[in-house]
Each structure stands twice: as C-alpha cells, then as structure tokens.
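What follows is a single structure, written as structure tokens, with notes after it.
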Amino acid sequence: MSSDDDMPLARTNGHLSAEKISKAEDRAMDIDSNVRMRPAPLSIRYGPIDDDDAPLVNGNGKRKSRSSAGNVNYHESDGENSRSTKRHKKAVVDDSDSDVPIKSRTRLPPAANETAVAEDSDDDIPLNKKLADKRKSIDKAAEKEAKTIRANEAKAKKQALKKVVKDESDDDTPLSGVKSRKRAVNGTNGKAKSTSVKQADSDSDTPMRKKAKTATPRAKVKTEQTSSGKKPPAKKAKKELSEDPADAEDDEEEYRWWDQAKADDSIKWQSLEHNGVLFPPEYEPLPKNVKLIYNGTPVNLHVEAEEVAGFFGAMLNSAHNVENPVFQKNFFNDFKDVLKRTGGAKDRQGAKVDIKEFSKLDFQQIFDYYQAEKDQLETPFMYCKWDGRKEKVGNFRVEPPGLFRGRGEHPKTGKVKSRVMPEQITINIGKEAQVPRPPEGHKWKAVQHDNKATWLAMWQENINGAYKYVMLGAQSTVKGQADLKKFEKSRELKKHIAKIRKDYERDLKADSMADRQRATAVYLIDRFALRAGNEKDAENEAETVGCCSLKFEHVTLREPNTVIFDFLGKDSIRFYDEVTVDRQVFKNLRVFKKSPKKEGDDIFDRLTTSQLNKHLSNYMAGLTAKVFRTYNASFTMQKLLNEVKDEERTVAEKIKLYNDCNREVAILCNHKRTVGASHEAQMEKLADRIKALKYQVWRNKQMMLDLDSKLKKKRGAAFFELDPDLDEAWILEHQNFLVEELRTKIQKKFEKDNQKLQEAGEKIMPDKELKERLKDADELAKKHKKENKSKKIEAEGKAPTIEKIEANAKKIEERIRTIELQAADRDGNKEVALGTSKINYIDPRLTVVFATKFNVPIEKIFSKTLREKFNWAIKSVGDDDSWQF
DNA sequence: TCCCCTACTTAGCACAGGAGCA
DNA sequence: TGCTCCTGTGCTAAGTAGGGGA
C-alpha cells in the first residue's frame, strides 16, 4: 500500500462533490425549456429507441436487428464489446464538463431482444411512450394499492380501538389467501416513522472515508503479469524433445486451414503422433457374500462374467433401461456369451448351473452392494435432525481441491484451491448431540453450539479467505421460512413505496449533497433494479460495481434526460442500459460527475450502502436496497400475469405466456446467460422445419381442390394460397431436397438389408435391386415436375376424401403452431436466464395462483426441486386463485 | 465512524440424463 | 434407434447486509 492510504476521503482519485449544492449551481444545470423531454423513468435496454439521433435506429424507425455478431461473451477479457473500466479506459471520453450527446460513441446494446418488442412493432404509438405508460400504470397501481392498504389499516385500527379486540400479534405468521392479506395490513404506521426519517438523515452530510485501495495494487498486478508472462526463448528447442507430442502445439502460430485450398482431400495427414488412450481402472471383484442369484441359487462366476452381471445389477434403479425388453434381451445374449467363454456359472458345491432364462436372474444383491457402497459414503450426511425433524442438508460435500474459477477479470482466477483438512473445519451442533467423528488421525478445528446460526459446518478457503458453510437444503423448513419472510417483507414494502418515492423525489432537490446523492441512488435502485453496490477490495476481487459504487465512467449522460449505464455487475455480467430519467435525476448526475471528478472517481462519493440501508430502515424495519429488487420483480410479475386474459389456449401456449412474463422480470433484473454457439443454427433448423410443414399444408389444400374444384369459390381463394414465407424457388429447392433425402434413405436401407443377409449367411442383393428401389425417388422427382407444370396436385392416399385431407392439413397446422411457439420461446430466451428470477425474486405464490387459475399443472412450471423448495407456497395458496402479492 | 468478520442469499456455469425428433 | 438438444441439478463464486470492536 502506498501513502494513498492516508487520503481520508475517496477510494480512487479522491475527487469529491461539494458538501452543498447552491441554487445557482442547480439552475445552471437546467436546459432550454423548449427541449422535448423523453418519458421517464424508462429502460430501453431491450427495446427500441425512437430518438432521431439515436444510433440504434434504422431508417424506418425500427430497431436494427441484431446479428449473431452482436452477441457478446460478457466474460471475455479482451473482446471488442467487453467494456470493463480497466479494459476500455482509453475508449471512454472524458465528459466531465460536457455531457454532450454520445451519438458517435454509443454501440449496439448487447442484449437487445427481438421478440421482446415484436408484438408492438406495428403499432402507431411509439414503444417508448407505451413502455413509459406501462411503467406509470404499474407505479400508479402501486400507489393506489398503498393507499388502499393504508386506508384498510386506518379502518382496522379504528375498529380495533372500538372493539378493544385482543392483541393481533400474529402478524408474522405465514399468510395465505385474502384473509391473511388483511391480517398483514395491520403493520406499523409508515407515515409517523417516515417523518423521523428526514431528521435522522439530514445531518449525514459528512464525507465518506473510503480507502483508496485501487490504483497502486492494480498497476502492480499488471507489471507482475508482464514480467512473468514472457516465455523464455529456449523453450521451443526443449519442446521438440518433449515426450508429449501435444506439447509441441503450444507455441505454434494459428493454423489457418481455411485459407488453404487442398486438391486431394483423401490424404488426411502426413504424420501423426499420439499417446494412445487412457484406460478406466481395473475391475474390483465383488466381496464373497455378494452373489448373482439364478432361480434361487447363488452362483459363482468368473470375474469377467461377474463384471458383466455387475453392469446390469448396478443399474436396477434405472427402470427406463432395465425394464426395456430389448435391453434385457441384448444384455442376456451377451451375458450368456461371456458365461460360455468363461466356464459358466457354478453353485456353492461347484456344480454347474445352467443359466437359461433371464427372468430367473436376481441382481438384487449386486445392486444393494453398489447402492450401499454409495450410501455408506453419502447417506449419513444427507440429512440432519433439526428440532427432532429429519431435514435435508444442502451441500454436505467439502469442496474438493482444484483451481479457483473466479469470474470475469478476477485477479486470483486459476490459483490452486487447496484441500480442506478437518483441522480447518468448525462444526456447529447441538450441545446434547454426538459430535461427528473427524477422519482417523485428525481433529476438527472447533466444535460450537451456536443455535443462532443455521450452518452445520464451516471452513475458510485459501484463495480469498471466504467462509464456506454447510447449510440445509432449499427444501428445508428453515430455508422455507426465510424465503417466506423475504417475500412478506417485500410485500410489506407495498405499503411504503408511495411515501418512499414521494420523499426521494423531494430530496432529489436537496441542498445537501449527501441527501441528494442518497435520493438519486434510491431512485436508480427503485426504477432500474440496480444492486446496492457494496465496496469491494479492488486488489483481490474482480472490478464490478453496483449503484453506490458506480464510477464516473460507468454513467454517460445524453441531453435532455437519457442516462447510459455501462458497467460490469455481479459475476462480471455486463449491465448496459439506456434509460430516460426524470430531469432532476439527470441534473443530479451531472452535478455528481462535475469536474474535477474524472474516470475512477465515485459518482456517489457521499453515500455508502450502510447509510442508504440505514435510511431505508427508517421507513420499514428490515428495508434494504435488496428488497426493492424482490418487490419490483414480484410486483411486475403480478401485474403482467393479471393482464393475461382467460381465453381458450393450449397448456403450451399458457406456459409460453408465463415464460414471457418471467422473461420481462428477468430482463428487469438483468439476469443473463451465455448464448450457446449452436443457437443460430438451431433457429435456422426450426425455421426450415416450419417451412417444410407449411408446404405440406399447402399441398394438402391443393389436393382438396383436386377432389372438388368448386371449393375455391366456397372457401375463398385465400384459403388455398401459398404461405408468403414460401416461394417457387424455395419449393424447387425443397423438392430436390426431398428427392435426395429419399434416395439416401433407400440406399441406407439397401445396405442394411444386405448386411443382414450377409450375417445370416445368405446371398446379398445385386446392385440391380438398388436401382429398382431407387426408382421410387425418380418417381417422386417426376411427380414434382408434373405438379410444377400443371400447377395441380393429385389427391394422395387410400380413398382420399376432402374431410380426410383437411383433417390432415389441420394436424400439420397444429404442429406448425407448436414449433413456432417453441422457436419464439427459444429465441426470446437465448440470452435471458429465467431461472434466477423464478428461484429468487418472483413470489412463488404468484406462480401457484397462475397455475390454478389457468389450469396449468404446477409441474409444468416448477421442476421437482422447485416444487420442494416452494412447497410452502403451493400448500398455503392451495386452490385460492385470488391471492395477490 | 470505520472496517472486519460473519452469515446468509443470489448467481451463472458445467454436466448428466432423458425427452423428443428425424 | 441413434442422435441432438433441452432441462434439471449440483456446485461454488459473488453478492448483500448486520454486528461488533477498535
């Protein structure tokens, strides 16, 4: 550490905002009142921009479609699109005194989503406006709801006073249905509390003591990397002598095989070296008391036969396989072969046992042995007794040694994570309980009996000194209770949200810099679901930020009220969003970025997460920044699900609708996943399949006309028209494909038939037969030609009728719908991870209500583990589809 | 007040297994 | 029936946040 340590205030460059903001300064940030403001607050991360000068818009006002090239690997350290502070310092323009439009600087947002806006694309109302309206309506609803809740509270209080009813101390008990909701309403009076809020915080204008941990260590790391990164020149010569041929690859330049034309591709290589293969370990024979039973008699087998019996025996829990007659037959044939070869089976006395029938084999002992071997290791650790109840333990395995896989640009990624010894592990257990015995020759670090902690064992890992805990599984009571408490807390926020918003809107104009920063931060957390952003140790962790730790370069301002966030958030996932904000928020951010602040300086230099949370807790006990994410996610989900109309739909369609809502929430929370390399190809495949089916529908309809030409008038010409996705050129290509496909199929079948004949010792068929068979493909080609010429398609099948053909066409249309849904779902989900919001943010009771209301089996939405985790939600809501978040 | 320690939730990734398709 | 691709699950990293001592 350098002398920077002594710098009292900021973490980085040390540039601070002034303590107070004068009226004049505030006014100076104003702009011409004639400038058209954009609706705010609004995120356009996944939607279009209707701004004239916005670079993301193409000529016809629609958002540019993204090619796969636009997909970003957020973890890639030096990819064109990755823009961590460090990586793109040069690219970021210092806009300390000129937050001018950044037209030329803006890049395509990485995660714009086509399907997310598809529905609205042809609407006359600009999408921005629509989204803003939507947001407003959600806010209004929240406000309205808060009012209702407060009114109910007041009413309930009155009644309570009147009747002097007994103490309602069960506020914390699980709620279910409307009755419970009414009960929950009797909380604390937010108004009285929030009055004290301002007083408590108004004197908080003292600068932060944020240590300057960043600059020096960073530079140091860099130098170390460079000096050690260079390879010694002698290495290459040494490599040639290496015993491992693969080693020779390391220093070679990229082999650009695609640039080289190869005349003769039958020669695949000129030289080839390798080390053969790695074998699995030798088979370990079963203990003497574990036998295969045949017809009630335990039999002795040669070790080779025993191993084969063990293959089957170990699989008894896989009914899918072992109950399959083909599987059984094949196994038994091979097993008999091995028996024959190895001297067969013998009983205890050494007498031969003739194994003739599969059904008489009993593998139970073998299965039990293998199972016990596994269980012996695992079972004792899988459950614990918590208050006398059997509860499942979550992660009972000590993390094995290996290499630390830090995410993003973690400075310690790749370091050796050493083996955890019993001497490092602390056990937490009941006083009366028997302390588990450490492995032979070892002892625990400590044994404690802290019943305020939920963990069973704990150790500290060697890389970051992080604590690792063995805790109960997600399906356990204690975790379920914590989950319920979390969602009840965020439901409680509904009562206070209007007041909180009103207050921060007022404080956005506060004279005190600290108050103004706090108000602005709460605004961003509330409106754009930013995380709190605790301080991080820049030397030992990846440089990621959240709201309070946003730096100068993470926020770009574009007049009149657009803010562009671009930073790496949790897990080094890029957060990129262009949002419109209230003008005052825009002005404030300009103030917070004002010179002399520059890159590396904190935007919120007079605010920490502790202060922020302390302020929030004045509104409601336990209210922290994190609660806003849960609240906004669940509240949004409810609004979206409420908009789903009860129309006739298939289960698949309803699930798609649910996923669409889930996706909006996931986008709100910025939950991402990497797009699989094969995604594009998969989508193309699906599109091809849809086209092929559409072609089939069209052919069927033409066949109907073939049977009754008057149908065209009766049904209207449109019914028989070719789908606009298909054209003549495509049909020709597809017809060729079908013919070729048939040819290949015939050829393969012919070869297979011949192989069978050969195996049976019979004479194989001559090529003449193949030619004969291939005539079917020729016929098909001829048929296509004829159809194309006559523009007529003859009815196919046995005794074709219009009804039959139409039914067939409908069936195909149904398949098209299913695949189209699938395709849309898949494309929409390609870079959005739905799981995280489903598991952590969306109140599961909302999902239960949706499933009940729309008659969707809950297992279609919640997997087995999720059903176990959310058992409390499933049971508490039951059939009550009126439950509201 | 600050900072470290501790305990817990939230998060994405890897991989196995099985569903479903050609 | 083989193969592809999707889903579920386990793993563990990376957050948030509260408590307490200097």
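Quick note on labels: first sequence line is chain A, next is B, and so on, each numbered from 1.
In this structure, CG on Asp450(A) lies 13.0 Å from CD1 on Ile429(A), to the nearest 0.5 angstrom.
Nucleic acid contact for Met458(A): sugar-phosphate only, since backbone atoms but no base atoms lie under 4.0 Å from a heavy atom of the residue. Within the nucleic acid shown, Lys485(A) has no heavy atom closer than 4.0 Å to any nucleic acid atom. Using a 4.0 Å heavy-atom cutoff across all strands shown, Ser610(A) reaches no nucleic acid atom at all.
The nearest whole Å value for the distance from the CG atom in Leu866(A) to the P atom in dT10(B) is 14 Å. Regarding Asn428(A), its CG atom lies at a distance of 14 Å from the C1' atom of dC8(B), rounded to whole Å. Taking atom CD of Gln475(A) as the reference point, atom C1' of dT9(B) lies 16 Å away to the nearest angstrom. Atom pair Ile861(A):CD1 and dT7(C):P shows a separation of 14 Å (rounding to whole Å applied). Protein atom NZ of Lys656(A) is 16 Å distant from nucleotide atom P of dC6(C), rounded to whole Å. Between Asp450(A) atom CG and dC8(B) atom P the separation is 9 Å, expressed in whole Å.
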Handout entry: Footprint string (nucleotides 13-22 of chain C, 5' to 3'): B base within contact, S backbone only, - free, heavy atoms under 4.0 Å
Key = SBSBBS----
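By the side chain to side chain donor-acceptor pair (under 3.5 Å) test, Asn840(A) is found to be paired with no residue, residues two or more places apart in sequence or in another chain being considered. Annotation: salt bridge (charged side-chain N to carboxylate O under 4.0 Å, His left out) contacts of Lys417(A) (sequence neighbours excluded): Glu399(A). Annotation: side chain to side chain donor-acceptor pair (under 3.5 Å) contacts of Thr847(A) (sequence neighbours excluded): Tyr658(A). Glu391(A) meets the side chain to side chain donor-acceptor pair (under 3.5 Å) test with Arg389(A), Thr477(A); sequence neighbours excluded.
Applying the salt bridge (Lys or Arg N to Asp or Glu O under 4.0 Å) rule to pairs touching residues 619-634 of chain A yields nothing, sequence neighbours excluded.
OP1 or OP2 of dA11(B) lies within a sub-4.0 Å distance of a side-chain N or O belonging to Tyr841(A). Distances shown here put a side-chain N or O of His671(A) below 4.0 Å from the OP1 or OP2 atom of dA11(B).
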